[in-house]
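To start, the structure under review is shown below, and the notes come after it.
Treat the numbers as computed from the prediction; the structure is a model and nothing was measured. Numbers restart at 1 for each chain; the letters A, B, ... are given by sequence-line order, proteins then strands.
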Amino acid sequence: MEYNFREIEARWREEWHKRKTYRTGIDAARPKFYVLDMFPYPSGAGLHVGHPLGYIASDIYARYKRLCGFNVLHPMGYDAFGLPAEQYAIQTGQHPAVTTEQNIARYREQLNKLGFSYDPEREINTSDPSYYKWTQWAFLRMFGSFYCRRENRARPIEELVAAFERSGTSEVDAACTVPLDFTAAQWAAKSPHEKDAVLHNYRLAFRADTMVNWCEALGTVLANDEVVNGLSERGGHPVMQRKMTQWQLRVTAYAQRLLEGLDTLQWSESLKEIQRNWIGRSEGAQMFFAVEGSSEKLEIFTTRPDTIFGAAFMVLAPEHEAVMALATPDRLRAVEEYIAQAKKRSERERMADARTVSGVFTGAYALNPFNGARIPIWISDYVLAGYGTGAIMAVPAHDSRDWAFARHFDLPIVPVVEGADVSQASHDAKEGRMINSDFIDGLDVKDAICVMLDAVEERGIGRRRVNYRLRDAIFSRQRYWGEPFPIYYKDGIAMPLRDDQLPLTLPRIDDFRPTEQGEPPLARAKGWHTPEGYPYETSTMPGFAGSSAYYLRYMDPHNDRALVGREADEYWRAVDLYVGGIEHATGHLVYSRFWNKFLYDIGAVVEAEPLRKLVNQGMIQGRSSFVYRIVGTNTFVSHGLREGYETQPLHVDVGLVRNDMLDIEGFKAWRPEFADAEFILEDGRYVCGWAVEKMSKSMFNVVNPDRIVEDYGADTLRMYEMFLGPLEQSKPWDTNGIDGVHKFLRRFWRMAGSIGGAPISDEQPTPAELKTLHKTIKKVREDIGNFSFNTAVSALMICLNELGDCRKRAILDPLTRLLHPFAPHITEEVWAKALGHCEPLYDARMPEFDPAYLVEASFEYPVSVNGKLRFKKELPLGIPVSEIEAAVLADENTARWLEGRAPKKMIVVPGKIINIVI
RNA sequence: GCGGACAUGGCGUAAUUGGUAGCCGCGCCAGACUUAGGAUCUGGUGCCGAGAGGCGUGGGGGUUCGAGUCCCUUUGUCCGCACCA
């Protein structure tokens with residue numbers, strides 16, 4: 001009987017649904033295992049063949065863990081808020097809630113066809129009020145908290161207020177936007193608005209003026225990770241720097257813990273490194289420079305306090321607030337012009353000419369705090385307002401950017417580290433001996449830094465300081481399709497809703513554009529205010545809000561009293577395996593860790609780092625096909641014959657190409673312009689060219705998984721996606737190879753599944769069959785453990801090759817279990833129908849190894865003579881070296897290779913190699 | 001510019017982690033069967049050479065009895081960060 005995958009797969013989809021096979025609950029008797037995928041944003045385009053790669057890998061792992069006896073939580077849901085649905089709504093008038101619901105239905109159907117073992121009752125949707133209630137709830141907790149540096153955790157804001165009332169800022173050490181200093185009396189004297197502003201300076205979710213990435217085309221601000229090369233990640237629109245009042249999350253308060261936590265995670269080193277760079281910790285000194293003729297001090301940050309005697313000039317960012325006050329009257333106009341020009345330039349323009357040196361002198365001078373030397377103060381956009389203090393001391397001899405600036409404006413370049421020719425380039429390395437540097441002359445750079453840090457603190461010039469590149473996350477978006485803030489405004493003060501007022505649901509509106517006054521679309525909603533008439537916040541939360549704690553919600557998705565109940569949290573605790581793309585390295589994976597650390601601080605969850613192991617699947621690229629049209633004609637020449645013609649390559653839909661051969665009739669029907677196309681064939685066929693490109697509609701290289709499932713079945717698709725190459729590697733999709741995997745499943749079916757062939761026998765397997773089986777079990781278990789699914793699939797194929805035709809239960813039973821994670825439908829069918837098991841395969845345990853057949857029981861020693869490998873000698877494991885030597889010398893092969901000569905020595909590495917030197 | 005990863009047949013890849021390079025699959029070649037197909041099965045397939053044999057893991061050098069694997073150097077590809085003081 002043929003392998004009818006359509007019928008088999010439909011049947012088991014139905015059975016799993018009916019039996020609620022993958023329903024998961026707390027089971028204290030079994031160890032738990034939590035396997036999670038990064039949930040998708042349900043875009044209108046549906047899935048292409050690249051999307052399920054990670055889902056297939058995680059499902060294989062989840063099923064494997066179940067077979068090993070674990071209680072596996074393996075859920076799926078939808079990250080449903082987001083910009084594309086809203087953009088689509090603006091264009092078509094279709095409400096995002098409607099399109100999102102349609103898209104989710106489509107995704108669910110597509111995923112369901114792939115045989116994933118998700119618990120359908122745990123599906124979540126971030127745009128569902130019962131879900132975003134808890135996003136709002138977490139936001140309110142952050143709003144009501146500050147970060148106590150002394151306890152190194154978040155504390156209720158009421159404690160801070162109490163401290164202010166008691167003693168002002170004197171006993172407070174808290175993360176803040178701007179350091180403040182006031183007494184209890186001064187606090188008491190503040191107006192409600194002033195007190196509110198002070199508290200926002202400390203809240204973990206707060207409103208403040210800040211430089212933001214403003215995207216005019218999208219009409220919203222964007223977070224740093226949503227801006228790529230000065231363009232918006234979504235849509236690629238230009239992004240400007242602009243000062244605006246925005247909600248923010250004080251992620252910087254957690255910078256150090258986010259950094260340290262990385263060491264406890266089983267993530268790839270490269271991903272950890274990306275996060276370390278993103279957090280960007282640097283140690284140095286904060287120093288104050290007096291300004292000539294002014295009582296104001298200029299505050300700078302440097303990692304190289306040792307080079308202060310080489311400070312030739314100071315540079316301020318154009319946005320620095322002291323700039324206008326510093327500029328002397330004769331320089332004022334030049335300074336103003338420069339600032340105006342800098343403001344006009346978009347982030348992208350600024351980056352584009354990063355190498356062009358520009359700046360103006362302010363006319364003012366700072367004084368070197370060590371020797372009183374006059375140092376001219378300049379402004380330039382190579383100094384960023386957002387990092388450090390927005391001001392630097394420039395040491396052109398030892399910083400390449402300062403060097404370029406000094407060269408351009410002909411400023412002095414004084415070396416303070418020995419052995420550098422600073423006329424050609426700066427000497428940036430932190431090595432060498434100090435010169436021209438007063439009391440630190442002769443010291444090594446590293447020692448000089450330490451001595452200088454002490455000197456700076458002793459003399460009251462400044463203090464040691466750690467700076468982070470990480471910025472606070474801008475948390476409001478001027479959009480409609482996101483979580484509403486549970487905030488209303490009373491006399492201009494942001495007030496939180498009470499927990500029992502949650503969720504604050506998103507009102508229906510039908511025009512999604514900003515208002516004429518430039519307010520967000522929510523300002524159009526009628527009745528968008530509290531019952532008392534106080535207006536609600538009109539911004540909504542950004543995409544990462546809903547995805548920051550979703551893994552917790554899966555543990556307890558229907559709980560309406562807590563984000564996650566205590567019992568569920570303590571049982572499931574953390575995600576044991578998280579699979580997703582590397583593109584979330586600096587976005588979701590930073591925000592999630594921050595969010596969770598906060599929840600941990602307030603006692604809402606029990607784990608500080610809940611994403612224990614992370615595997616990044618590679619991207620599936622497209623494999624585009626080309627036809628070659630002879631220029632000026634409608635004639636197409638086959639790939640191998642195009643030399644000698646002037647041709648223009650045209651993308652052709654990969655659906656019209658099979659094994660690189662063009663379906664000519666299909667091609668003619670594809671586009672009216674090709675209806676009368678003519679072809680120059682090679683060997684009677686039209687061969688297409690190909691190239692690896694991003695999988696996208698415009699390249700006509702999108703492969704839809706539905707079609708693969710239709711043609712080959714889900715089991716084939718699953719195995720082939722794994723077979724394509726290492727999970728973590730990017731690789732192009734190429735349908736060409738899929739027959740090999742499909743053939744394998746057909747052979748398995750013929751061997752184990754088909755009814756009507758030879759009966760399944762209870763005969764004892766031969767030692768060779770058993771050895772093959774156990775070798776395969778060992779290999780597949782190891783490979784799944786290492787996420788090396790491609791080699792696991794190979795091992796299964798080899799197993800069938802070696803077994804030939806074997807209808808023995810003792811072989812087929814374990815083999816079916818072993819194959820099940822990869823090809824769940826066919827194995828269920830074989831298990832129940834051909835092997836006649838009554839209990840579900842789902843509950844079956846993996847067979848234990850039979851030690852008698854372990855491959856390690858013996859070892860094939862490679863024997864080399866004078867370094868040339870000659871043969872392999874199979875010997876039992878664990879015998880002493882002397883016996884190995886004797887056995888090898890007695891071997892007839894040895895005699896042959898020695899050719900009568902006596903061995904000078906033997907090198908025996910137990911379990912490795914035997915070398916004879918003659 | 002800085003940081004990271006990678007480089008193996010016509011193609012995707014594998015290599016007991018320092019031990020006979022090329023497993024498995026695609027493609028290709030030959031054969032069988034055939035209702036002629038983009039089905040199935042069997043065998044072959046790194047390169048050069050008629051053969052013996054030689055050469056082969058981007059290039060060059062090194063360590064080692066032995067290197068795809070380790071070290072140095074160089075070239076190329078991909079990714080991340082990019083005036084971060």
Are any of A:Arg469's side-chain N or O atoms less than 4.0 Å away from OP1 or OP2 of B:rA82?
yes
Using Watson-Crick geometry (N1-N3 plus N6-O4 or O6-N4) or G-U wobble (N1-O2, O6-N3), each under 3.5 Å, B:rU64 is paired with none
Check the distance between B:rA85's P and A:Phe289's CZ and give it to me in whole angstrom.
16 Å
Specify the residue among A:Asp734 and A:Thr586 whose closest nucleotide of RNA chain B lies further upstream toward the 5′ end.
A:Asp734
Should B:rU17 be called syn or anti, with syn set as within 90° of 0?
syn
Of B:rA85, B:rC26, B:rA14, the nucleotide closest to the side chain of A:Asn736 is B:rC26
Which nucleotide in B:rG12, B:rG80, B:rA85 has an atom nearest any side-chain atom of A:Ile274:
B:rG80
Selected nucleotide, minimal atom distance to A:Lys743 side chain, candidates B:rA14, B:rC24, B:rC41:
B:rC41
Under 4.0 angstrom, heavy atoms only, what part of the nucleic acid is A:Pro732 near: base, sugar-phosphate, or nothing?
nothing
Taking the side chain of A:Asn801 as heavy atoms from C-beta outward, which of B:rC81, B:rG25, B:rC83 is closest to it?
B:rG25
Is the closest basic N to carboxylate O distance between A:Glu283 and A:Arg281 below 4.0 Å?
yes
Side chain of A:Arg746 only, heavy atoms from C-beta on: which candidate in B:rA39, B:rC41, B:rA85 is closest?
B:rA39
Base, sugar-phosphate alone, or nothing: which one does A:Glu269 contact when heavy atoms must sit under 4.0 Å apart?
nothing
salt_bridge(A:Asp263, A:Arg276) N-O dist < 4.0 Å:
yes
Interatomic distance, A:Lys731 NZ vs B:rA5 C1' [rounded to whole Å]:
15 Å
Nucleotide paired to B:rA50 in any strand shown, Watson-Crick or G-U, under 3.5 Å
none
Specify the separation, in whole Å, of atom CD of A:Glu583 and atom P of B:rC79.
13 Å
With under 30° as parallel and over 60° as perpendicular, where do the rings of A:Phe667 and A:Phe679 fit, or are they tilted in between?
perpendicular
Provide the distance between the two C1' atoms, one in B:rA14 and one in B:rC26, to the nearest whole Å.
15 Å
Touch check for A:Asn467, heavy atoms < 4.0 angstrom, all strands: base, sugar-phosphate only, or nothing?
nothing
Which class fits the ring pair A:His742 and A:Tyr3: parallel under 30°, tilted 30 to 60°, perpendicular over 60°?
tilted
May I have the distance from A:Phe301 (atom CZ) to B:rC83 (atom P), rounded to whole angstrom?
17 Å
Specify whether A:Trp378 and A:Phe409 have parallel, tilted or perpendicular ring planes, treating 30° as the upper limit for parallel and 60° as the lower limit for perpendicular.
tilted
Can you tell me, in whole Å, how much space there is between the P of B:rG58 and that of B:rG10?
13 Å
Could you tell me whether A:Glu2 and A:Arg746 make a salt bridge, using a distance below 4.0 angstrom between a side-chain N and a carboxylate O?
no
The nucleotide from B:rA85, B:rA14, B:rG25 with an atom nearest the side chain of A:Pro726 is B:rA14
Just name whichever nucleotide pairs with B:rA36, Watson-Crick or G-U, keeping both distances under 3.5 Å, else none.
none
Of the candidates B:rC26, B:rA14, B:rG25, the side chain of A:Thr791 sits closest to B:rA14
In this structure, how many angstroms lie between the C1' atom of B:rC26 and the CZ atom of A:Arg623, rounded?
10 Å
Residue matched to B:rU69 through Watson-Crick or wobble contacts both under 3.5 angstrom:
none
Side-chain N or O of A:Asn277 closer than 4.0 Å to phosphate OP1/OP2 of B:rG4
no
pair_partner(B:rC11), Watson-Crick or wobble, both distances < 3.5 Å, evaluates to B:rG25
As a test of reading the structure: which of B:rA14, B:rC24, B:rC83 is closest to the side chain of A:Tyr382, going by heavy atoms?
B:rC83
Report the distance from atom CG of A:Asp739 to atom C1' of B:rC24, rounded to the nearest whole Å.
15 Å
When you check the gap from the basic side-chain N to the acidic O, do A:Arg707 and A:Glu710 get nearer than 4.0 Å?
no
Nearest to the side chain of A:Glu273, heavy atoms from C-beta on, is which of B:rA85, B:rG3, B:rA14?
B:rG3
Could you tell me the separation between the CE atom of A:Met797 and the P atom of B:rG25, rounded to a whole number of Å?
7 Å
Between P of B:rA39 and CG of A:Asp711, the distance in whole Å
14 Å
Between B:rG3 and A:Ser270, is there an OP1 or OP2 to side-chain N/O distance shorter than 4.0 Å?
no
Between B:rC24 and B:rG43, how far apart are the two P atoms, rounded to whole Å?
11 Å
Minimum-distance nucleotide to A:Arg750 side chain [options: B:rA85, B:rC41, B:rC24]:
B:rC41
Measuring only the P atom in each nucleotide, how far is B:rC81 from B:rU20? A whole number of Å is fine.
41 Å
When both hydrogen-bonding distances must be under 3.5 Å and the geometry is Watson-Crick or G-U wobble, what is B:rC78 paired with, if anything?
B:rG4
In whole angstrom, give me the gap between the C1' atoms of B:rU64 and B:rC72.
16 Å
Could you pick out which residue, A:Gly740 or A:Asn790, lies toward the 5' side of RNA chain B when each is mapped onto its nearest nucleotide?
A:Asn790
Classify the angle between the aromatic ring planes of A:Phe787 and A:Phe789 as parallel (below 30°), tilted (30 to 60°) or perpendicular (above 60°).
perpendicular
Check this for me, if you would: do A:Lys779 and A:Glu782 make a salt bridge, where the nitrogen-to-carboxylate-oxygen distance has to be below 4.0 angstrom?
no
So A:Ser730, base contact, sugar-phosphate only, or nothing? Heavy-atom distance under 4.0 Å.
nothing
Expressed in whole Å, how much space separates the P atoms belonging to B:rG12 and B:rU63?
34 Å
C1' atom, B:rA67 versus B:rA21: distance in rounded Å?
11 Å
Strand partner of B:rU42, provided both Watson-Crick or wobble distances fall under 3.5 Å:
B:rA30
Does B:rG25 count as syn, meaning its glycosidic angle lies within 90° of 0, or as anti?
anti
Can you tell me how far C1' in B:rC6 sits from the matching atom in B:rC55, rounded to whole Å?
26 Å
